[in-house]
Visitor: 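Mind looking over this structure? Questions follow.
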Amino acid sequence: MIDAAPAGDRSVRPKGRTIAITFDDGPDPEWTPKVLDLLRRLDVKATFFVVGTQVAEHPELTRRIVAEGHQIGVHTLTHADLATTSRWRRSLELRQTELILAGATGISTPLLRPPYSSEASAITDAEWAAIRATREAGYLTVLSTLDSEDWRRPGVAEIVANSTPKGTAGQILLMHDSGGDRSQTLAALSELVPAAKARGFRFTTVSDAVALPAPVHKASTADRLRGLAVITAIKLSDGVLAVITWLLYAAGALSVLRALTTVIAAKRHARERFWTWGDGTPVTEPVTVIVPAYNESAGIEAAVRSLVASDHPVEVIVVDDGSTDGTADLVESLRLPGVRVIRQRNAGKPAALNTGLLAASYELVVMVDGDTVFEPDAVRWLVQPFADPAVGAVSGNAKVGNRRGLLGRWQHIEYVVGFNLDRRLFDLAECMPTVPGAVGAFRRSALQRIGGLSDVTLAEDTDLTMALCRDGWRVVYEERAVAWTEAPASLGALWRQRYRWCYGTLQAMWKHRGAWLQGGQSGKLGRRGLTYLLLFQVLLPLLAPVVDVFALYGLVFLNPWRVLGVWAGFVALQLAMGLYAFRLDNERPGPLWSLPLQQFVYRQLMYLVVIQSVFTALAGNRLRWQRMERYGSLSTPPGPADDLAGAAR
């Protein structure tokens, strides 16, 4: 026993021909009662160094230990190595165990056995520093002089040999009443005790063996009440931890399932992506491009000029929805051929698009956001699938244009790895739920048949696409139709945009929930598309924070290397998906270096957006349409030079 007091270090060994049997790691519901029964038959008192969480789980066993005259000592809260833990963690391990003992038994003890300790001669500098620190908290450290090594389960004979004193010196014997099968420990005790007694040894508690007068005393009423509260909290947390564990399994399974599903589908889609539409005749008829605009002066010029530069015949209709920043005047001042402006009072984006539909000259219509820049061949590729008369809408390939900086890179990764991989799967499964507002084409007759665009949801593009699917039209993805969109440049703007998207998608899913029970294209949307959205864009984000909570818990209370290994595996899975998706999209993989950082900020932000959206929907609140702030960062379609410049920053 070591007393590392400020006045001077002292240590003491047991008296001659005295053995103090100590049991670590309990109490255990199976083996501790058997040990106690055996000690009663052998008429031996022992010392039990208990783990706080085990005491909280089995307070009745701890009370039995005390009631039968045995001694209690502290073995930390979670069996933590006190030599490697931080000061706050060490304080937590000791104080909480002390409170738990007070709540379970009404006593307080200064006796401490540090986990992973052995004999005094084996103490390291770090362990000695921990012993000094625990003495400041009032604890006396109890080491061992004999180690039975029963934790190895080497056989009864070897345990007896390890536990038998070689001379007459007093001993503190280390054994275990928890941590696995202890039948060898029981059998060894049955042989050891009678043999040692026959040699003149007596068995007693640690304090009696070193002549320490009455170290155990009654706990204060306040500590007993606090201890009962801690025990209750731990029992509740065990239930919560069990639920979290199952949710963790569910989140992990969904993550792996999504990865496998999207990659397998994307691989098949890549093999079939350049099929010929209809009878193979190219679509050459002119197209009407509708640009709804509300205060888009920052980027409207670049958007309109890119459309006029299309290698496919187009008319461009800019519907100014009551702008106050001179958007309409700016477009008119450009005097670009084939571009006309329609002004209307502010009525919202769906109304502006419907106005454009009424004014459209052609059957094929492309809808474009006012912050989007088209590649010269984007319109041509976008309309080719209409050679198939069953196709009612086409989703293009939206890419992030302002991808410099971490936030831009993260959104770029999300567009390529998330949105575009998903679109390949939806295309293959014929259940496309969304044609993005940034780049999409439609048959005007199909839109007229469903009554045009609705303003009952905040995601008018998702609502429109689902309505077309339910009307029997096929919606496809054309990856060669590339357009560059301006992504939010601040976390606040990103939050508002994604909150609107997510809430609007939930509205659209609820509005079109009947598709689950229908046949044809509608049934494909319901049973394939809506089910996918529900599992992977609603349920998985709701479960995903469990992974982070469990990781933090594991880093503090479990094996941190195992937790880090699981997290590294998760990141590796994301990276593998990213590399494949970037290759499919002909993108440089450089931005993927920021993927691990994305897991700490961006991913949590997106999960919180989903959680807030779900709670908003459940509460029955209705959000107003929110316009994203424009920066005018796109002037021409970004090329490889932009990627290299962004990677260098």
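Index from 1, following the sequence. The basis for the numbers below is simple: all heavy atoms, side chains too, and nothing from hydrogens, waters or symmetry mates.
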Visitor: Please name all residues satisfying side-chain contact (heavy atoms from CB on, under 4.5 Å) with A347, sequence neighbours left out, ordered by chain then number.
Guide: D321, Q344, A351
Visitor: Are V289 and F374 packed together at the side-chain level, in the sense that at least one heavy-atom pair is separated by less than 4.5 angstrom?
Guide: no
Visitor: Under the side-chain contact (heavy atoms from CB on, under 4.5 Å) test against L353, which residue among V365, L447, L453 passes?
Guide: L453
Visitor: Give a yes or no on whether W516 atom CH2 has more than 12 heavy-atom contacts from other residues, nucleotides or ligands under 6.0 Å away.
Guide: yes
Visitor: Is Q411 reaching over with its side chain to a backbone N or O of P488, donor-acceptor style, under 3.5 angstrom?
Guide: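 Confirmed, Q411 side chain pairs with P488 backbone.
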Visitor: Taking all heavy atoms of Y294 and all of G322, pick out the closest pair and write down the distance.
Guide: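 That closest heavy-atom pairing would be CE1-O, 3.6 Å.
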Visitor: Given the side-chain rings of H412 and F582, with only the six-membered ring counted for Trp, is the space between their centroids under 6.0 Å?
Guide: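 Under 6.0 Å, so yes.
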Visitor: Sorted by first residue and then second, give each side-chain hydrogen bond (donor to acceptor under 3.5 Å, both in side chains) pair with at least one member in residues 571-583; sequence neighbours left out.
Guide: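 Every pair satisfying side-chain hydrogen bond (donor to acceptor under 3.5 Å, both in side chains) with a residue in residues 571-583: there are none.
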Visitor: Taking the side chain as everything from C-beta on, heavy atoms only, tell me whether L330 gets closer than 4.5 Å to S333.
Guide: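 Answer yes - side chains close enough.
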Visitor: Only counting residues at least two apart or in another chain, list the ones meeting side-chain contact (heavy atoms from CB on, under 4.5 Å) with T434.
Guide: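 Residues passing side-chain contact (heavy atoms from CB on, under 4.5 Å) with T434: D461, T462.
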Visitor: Do Q521 and W473 have side-chain heavy atoms sitting under 4.5 Å apart?
Guide: no
Visitor: Is it the case that W495 and Q612 place a side-chain donor and acceptor less than 3.5 Å from each other?
Guide: yes
Visitor: What pairs with A581 under side-chain contact (heavy atoms from CB on, under 4.5 Å), at least two apart in sequence or on another chain?
Guide: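 If we apply the side-chain contact (heavy atoms from CB on, under 4.5 Å) test to A581, skipping adjacent residues, the hits are V416, V417, L421.
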Visitor: Would you say M606 and L494 make side-chain contact, with heavy atoms under 4.5 Å?
Guide: yes
Visitor: Just checking, is any N or O donor in the side chain of W501 or S613 under 3.5 Å from an acceptor N or O on the other one?
Guide: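 No, no side-chain donor-acceptor contact under 3.5 Å.
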Visitor: Scan the side chains in residues 435-444 for donor-acceptor partners under 3.5 Å anywhere in the protein, sequence neighbours excluded, and list what turns up.
Guide:
| from | atom 1 | to | atom 2 | distance (Å) |
| --- | --- | --- | --- | --- |
| R443 | NE | V391 | O | 2.6 |
| R443 | NH2 | F386 | O | 2.8 |
| R443 | NH2 | D388 | O | 2.9 |
| R443 | NH2 | V391 | O | 3.4 |
| R444 | NH1 | A360 | O | 2.6 |

Visitor: What salt bridge (charged side-chain N to carboxylate O under 4.0 Å, His left out) pairs are there with at least one residue in residues 531-545, not counting sequence neighbours?
Guide: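 Qualifying pairs: none.
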Visitor: Only pairs at least two apart or in different chains count here, so list each salt bridge (charged side-chain N to carboxylate O under 4.0 Å, His left out) that has a residue in residues 303-318.
Guide: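 Sorted pair list: E301-R305, D311-R380, E315-R340.
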Visitor: Please list, chain by chain and in numerical order, all residues satisfying ring pair (Phe, Tyr, Trp, His ring centres under 6.0 Å) with Y362, sequence neighbours excluded.
Guide: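 So Y362 forms no ring pair (Phe, Tyr, Trp, His ring centres under 6.0 Å) with any residue.
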Visitor: Closest heavy-atom contact between F426 and P433?
Guide: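 It is CD1-CD, 3.3 Å.
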Visitor: Looking at residues at least two apart in the chain, or sitting in another chain, which of them share a salt bridge (Lys or Arg N to Asp or Glu O under 4.0 Å) with D377?
Guide: none
Visitor: Can you name the residues that form a salt bridge (Lys or Arg N to Asp or Glu O under 4.0 Å) with K511, not counting sequence neighbours?
Guide: D463
Visitor: Only pairs at least two apart or in different chains count here, so list each salt bridge (charged side-chain N to carboxylate O under 4.0 Å, His left out) that has a residue in residues 522-541.
Guide: E430-K524
Visitor: Output all residues satisfying salt bridge (Lys or Arg N to Asp or Glu O under 4.0 Å) with E332, sequence neighbours left out; order by chain, then residue number.
Guide: R343
